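The structure under discussion appears below in the form of structure tokens.
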Amino acid sequence: MYLCSPLTKSNIKIRIMQLSPLEIIRRESLQKLRELGINPYPAEEFKTTATIKEILKNFESFEGKEVVLAGRMMSRRIMGKASFAELKDASGRMQIYINRDEISSDAEGTMYNTVFKKLLDMGDIIGIKGEVFKTKVGEESVNVKELTVLSKSLRPLPVVKTDADGKVHDAFSDAELRYRQRYVDLIVNDHVKETFIKRTKITNSIRDFFNKRDYLEVETPILQPIPGGAAARPFKTHHNALDMPLYLRIANELYLKRLIVGGFDAVYEFSKDFRNEGMDRTHNPEFTVMELYVAYKDYHWMMNMTEELLEKVAMDSNGTTEVKIGENMVSFKAPYPRVPILEAIKIHTGFNVAGMDEIALKEVCKKVGVAVDETMGVGKLIDELFGSKCEHHYIQPTFITDYPKEMSPLTKEHRTNPALTERFELMVNGKELANAYSELNDPIEQRERFEEQLKLTEKGDDEAMFIDQDFLRALEYGMPPTSGIGIGIDRLVMFMTNNSSIQEVLFFPQMRPEKKAIEMSEDEKAIFNILKANSPILLNDLKMQSGFSNKKWDKTIKDLTKRNLAKINNTEEGLFVELGK
RNA sequence: GACCUGGUAGCUCAGUUGGUAGAGCACCUCCCUUUUAAGGAGGUGGUCCUGGGUUCGAGCCCCAGCCCGGUCACCA
């Protein structure tokens with residue numbers, strides 16, 4: 001069965017055998033190209049000699065010279081025997097000039113009059129050979145001598161125009177269409193492409209920083225028998241050969257620590273993690289975290305490293321440490337203030353909650369208007385106070401340090417205060433960007449912490465909590481004192497590219513599936529196939545050929561006509577059935 | 001999960017108290033050899049998200065649903 005879905009929200013439901021008029025014209029053009037002996041999808045390599053960016057950057061050295069370019073035709077201005085078009089390659093856009101007498105070898109000017117003007121469309125991928133020149137009005141252009149069809153486009157692209165002032169008209173801006181058809185988004189929205197190029201610059205910058213220090217980039221399992229390292233609902237799957245459940249990782253922390261046990265001094269991984277939870281502007285079911293573990297370091301060292309890293313990332317991706325995020329100017333220039341979480345709460349609520357028990361803390365929460373419930377322990381209450389009363393104040397990068405122990409089961413106890421841990425979160429623009437610890441490496445305490453967590457979650461949590469015995473075994477062999485950090489890469493990219501939605505920094509954000517094609521039943525297919533071969537056909541003949549009973553025939557033909565796949569015409573010659581439009 | 005916007009031509013969008021569905025661009029035909037949101041003349045194109053209901057009559061009103069977005073809740 002032939003399926004096609006026009007680029008339109010109202011027709012996201014996939015139509016059967018229905019092409020839009022624009023698509024029909026393009027398919028006819030495709031056929032005519034073939035009839036002219038032009039392969040619309042040639043196999044040969046097309047060797048280019050330059051990119052558009054190079055030409056525009058060094059125009060003087062290219063002017064008057066011959067170049068070969070390939071790209072997508074984004075617009076056309078046809079003026080009789082000559083035309084201008086816009087060619088877009090991976091590096092940029094430039095104008096090309098096409099003259100009938102230059103590109104056509106025959107007297108009829110077939111290449112120009114028929115191929116270029118009639119059979120090519122906006123969106124087609126072409127190759128050109130020609131001479132670089134400047135037009136009368138000073139636009140850098142290529143005077144085309146040879147035109148090659150490299151790939152015919154069968155669907156019309158959205159038409160986006162930019163005027164002389166740089167103002168964009170009729171922008172392709174519908175978020176749903178942009179995310180579902182990111183390829184179209186990337187073709188017509190240059191700034192979208194820039195975002196993703198910047199994303200790669202950011203990850204390259206981080207890799208460069210770590211590799212220069214001889215930190216080892218590693219890969220650890222995505223399929224894990226025990227989803228550890230964080231508390232979140234995992235995606236569950238099943239391994240057939242082993243007949244056992246497996247989980248997509250929610251974090252890679254416990255595996256990286258095993259590698260530190262194994263004797264690597266510093267390992268890092270860009271980890272695609274998966275969490276089976278809600279989706280919103282800042283959460284996608286799969287997302288990227290960069291985790292780094294360095295032996296013989298503590299969280300103070302990690303803060304210094306983080307400052308240095310982010311300053312470099314800002315420079316490498318934006319060329320400056322001052323980055324505009326929403327309405328705020330944020331400076332990634334080191335150093336960043338360090339504020340203990342209890343200090344932050346004191347500053348923003350006026351209450352010193354240090355040493356308070358659960359009852360006293362709940363009292364404070366009530367006074368400052370933070371909702372509480374029975375399941376909340378000391379750690380959760382402090383976290384809640386910080387989250388709702390303090391977090392949003394930290395626009396400039398700030399390390400919030402020394403979180404309560406209860407909230408941090410993988411973190412080493414604070415060297416001077418046993419109620420706290422050696423942990424920091426880096427806040428930027430009022431949101432968490434990174435989370436780091438002096439890692440807990442006491443295997444006995446680690447086991448106890450896991451068991452405490454188990455008790456906490458038993459209170460009324462639907463998230464299954466497992467104790468990873470193998471991880472504990474590894475710790476029992478001895479892990480050096482280590483500091484680790486996780487940086488939310490999607491969030492970092494959002495900051496550096498000034499996007500407020502995670503979907504803008506993921507090529508293919510998760511979406512609900514488009515509506516399924518309406519499948520034809522076997523009976524409908526049978527009728528439809530007869531009809532396809534003979535349309536129009538006398539209704540009685542069609543019925544005879546189908547061999548269906550009266551009832552079956554009636555139902556099937558009614559379903560087909562209802563969906564416009566078939567049409568019944570009452571004429572003087574009799575009742576005819578023909579293919580629907 | 002709750003609430004709020006929205007869904008109309010290929011794209012971006014109008015659409016009055018409920019009375020024959022509109023514009024710009026794109027597309028098609030014609031003119032045009034340095035234009036640039038090219039221009040001029042003419043034309044084609046619609047499951048008004050889906051399904052019910054009210055009505056003589058629904059793009060518009062009512063009910064249910066679908067999908068995007070936003071806000072909140074949830075989320076180490």
Side-chain angles (χ1 to χ4, degrees), chain A residues 6-13 15 18-26 28-29 75-86 93-102 109 112 118 121-123 133-139 141 143 155-180 184 188 229-233 250-251 253 275-283 285 289 371 379-380 383 387 403-404 406-411 423 425 432 435 437 453 462-463 486 488 500-501 503 509 511-515 562-564 581:
Chain A
L7 175 66
T8 157
K9 201 156 58 167
S10 56
N11 284 333
I12 269 173
K13 171 169 63 183
R15 291 180 175 185
Q18 266 181 296
L19 295 171
S20 72
L22 298 182
E23 288 174 295
I24 292 167
I25 288 164
R26 286 182 180 225
E28 286 166 0
S29 298
S75 66
R76 272 191 309 183
R77 294 178 285 279
I78 296 175
M79 300 168 304
K81 298 179 184 65
S83 300
F84 290 96
E86 189 182 23
R93 298 164 181 252
M94 82 179 289
Q95 178 171 270
I96 59 175
Y97 173 74
I98 297 168
N99 184 306
R100 183 191 67 184
D101 302 327
E102 301 253 24
Y112 181 77
K118 301 282 181 198
D121 293 285
M122 200 181 120
F133 78 111
K134 213 174 243 185
T135 63
K136 278 179 186 167
V137 293
E139 172 105 7
S141 310
N143 186 354
R155 283 173 190 264
L157 286 169
V159 184
V160 179
K161 295 199 171 185
T162 308
D163 66 20
D165 302 329
K167 191 166 182 287
V168 176
H169 298 260
D170 300 333
F172 178 59
S173 55
D174 185 284
E176 179 173 3
L177 290 178
R178 287 182 49 233
Y179 300 153
R180 287 197 195 278
V184 174
V188 303
R233 218 166 298 142
I250 56 175
E253 170 158 357
R275 296 186 184 178
N276 203 344
E277 289 171 350
M279 292 163 57
D280 60 27
R281 209 169 69 262
T282 56
H283 295 87
V289 178
K380 182 74 187 163
D383 193 57
Y403 283 68
E406 198 186 335
M407 297 299 296
S408 314
L410 298 165
T411 314
R423 170 179 177 185
E425 288 192 356
E432 177 194 343
N435 182 19
Y437 322 138
Q453 284 296 305
D462 56 342
E463 286 167 1
S500 59
S501 160
Q503 292 160 308
M511 302 284 277
R512 278 204 171 76
E514 296 177 43
K515 289 225 176 74
K562 195 178 173 189
R563 276 155 47 191
N564 289 325
K581 260 194 91 178

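On a predicted model such as this, the values are computed, not experimentally measured, just so you know. Note on naming: letters A, B, ... go to the chains in the order of the sequence lines (proteins, then strands), and numbering restarts at 1 for each one.
- Comparing C27(B) with A38(B), their P atoms sit 11 Å apart, to the nearest whole Å.
- Between Leu19(A) atom CG and C27(B) atom P the separation is 18 Å, expressed in whole Å.
- Looking at heavy-atom distances under 4.0 Å, Met511(A) makes contact with sugar-phosphate atoms alone, never a base.
- Between the P atom of C67(B) and the OH atom of Tyr179(A) lies a distance of 18 Å, rounded to the nearest Å.
- For the C1' atoms, the distance linking G6(B) with C74(B) amounts to 25 Å, nearest Å.
- When the P atom of G1(B) is taken as reference, atom CE of Met279(A) falls 12 Å away, rounded to whole Å.
- Across the strands present, G42(B) finds its partner in C28(B); the criterion is a Watson-Crick or G-U wobble pair with both atom distances under 3.5 angstrom.
- Annotation: G39(B) and U35(B) have their P atoms spaced 13 Å apart (nearest Å).
- A9(B) and G45(B) are spaced 6 Å apart, taking the C1' atom of each and rounding to whole Å.
- Between the C1' atoms of U12(B) and U54(B), the separation comes to 34 Å (whole Å).
- For the pair Leu177(A) CG and A9(B) P, the interatomic distance rounds to 11 Å; values are reported in whole Å.
- Both Gly229(A) and Arg26(A) sit near RNA chain B, but only Arg26(A) has its closest nucleotide nearer the 5' end.
- For A76(B), the base has a donor-acceptor partner in the side chain of Gln453(A) [N/O atoms by modelled type, under 3.5 angstrom].
- Arg512(A) has a side-chain polar atom (N or O) that falls below the 4.0 Å cut-off from OP1 or OP2 of C68(B).
- Within the 4.5 Å cutoff, side-chain heavy atoms of Glu102(A) are placed close to those of Asn143(A).
- For G18(B) and G65(B), the C1' atoms lie 24 Å apart once the distance is rounded to whole Å.
- Taking atom CG of residue Asp174(A) and atom P of nucleotide C49(B), one finds them 14 Å apart after rounding to whole Å.
- The residue Glu406(A) sits apart from the nucleic acid: no heavy atom pair falls under 4.0 Å.
- The pair Glu277(A)-Arg233(A) fails the salt-bridge criterion, with no side-chain N (NZ, NE, NH1 or NH2) lying under 4.0 Å from an Asp/Glu carboxylate O.
- Pair assignment for U17(B) gives none, since no Watson-Crick or G-U wobble pairing has each distance under 3.5 Å.
- A search for salt bridge (Lys or Arg N to Asp or Glu O under 4.0 Å) contacts involving Asp121(A) returns Lys152(A), not counting sequence neighbours.
- Between Leu22(A) atom CG and C25(B) atom P there is a gap of 15 Å when expressed in whole angstrom units.
- As judged by a 4.0 angstrom heavy-atom cut-off over every strand, Asp280(A) is placed among the base-contacting residues.
- Relative to the side chain of Val159(A), the nucleotides A76(B), G10(B), G70(B) differ in distance, and G10(B) lies closest.
- Residue-level contact check: Ala171(A) touches the backbone only, with heavy atoms under 4.0 Å from sugar-phosphate atoms and none from bases.
- With hydrogens and angles left out, the side-chain atoms of Thr282(A) and Asp280(A) include a donor and acceptor closer than 3.5 Å.
- Distance noted for atom C1' between G42(B) and C32(B): 16 Å (whole Å).
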Its contact letters, B for base, S for sugar-phosphate only and - for none at protein heavy atoms under 4.0 Å, make nucleotides 32-44 of chain B read BBBBBBB------
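- Backbone-only engagement by Ile25(A) is indicated by non-hydrogen atom pairs under 4.0 Å involving sugar-phosphate atoms exclusively.
- A salt bridge links Glu425(A) with Arg423(A): at least one charged nitrogen is closer than 4.0 Å to a carboxylate oxygen.
- Rounded to a whole Å, the CZ atom of Phe172(A) is 15 Å from the P atom of C68(B).
- Lys118(A) has a side-chain polar atom (N or O) that falls below the 4.0 Å cut-off from OP1 or OP2 of C30(B).
- Nucleotides U5(B) and C62(B), compared at atom P, are 11 Å apart to the nearest Å.
- By the 4.5 Å heavy-atom criterion applied to side chains, Lys81(A) and Asn99(A) are not counted as neighbours.
- With no hydrogens or angles considered, no side-chain donor-acceptor pair links Ser141(A) and Glu139(A) at under 3.5 Å.
- In terms of the side-chain hydrogen bond (donor to acceptor under 3.5 Å, both in side chains) criterion, residue partners of Arg26(A) (sequence neighbours excluded) are, by chain and number, Ser153(A).
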- Item | Stepwise side chain to side chain donor-acceptor pair (under 3.5 Å) test for Tyr97(A) and Ser83(A) | CA-CA 6 Å; Tyr97(A) 173 74; Ser83(A) 300; over 6 Å; no
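- Within 4.0 Å (heavy atoms only), Arg275(A) reaches no atom of the nucleic acid at all.
- Taking atom CD of Gln503(A) as the reference point, atom P of C68(B) lies 9 Å away to the nearest angstrom.
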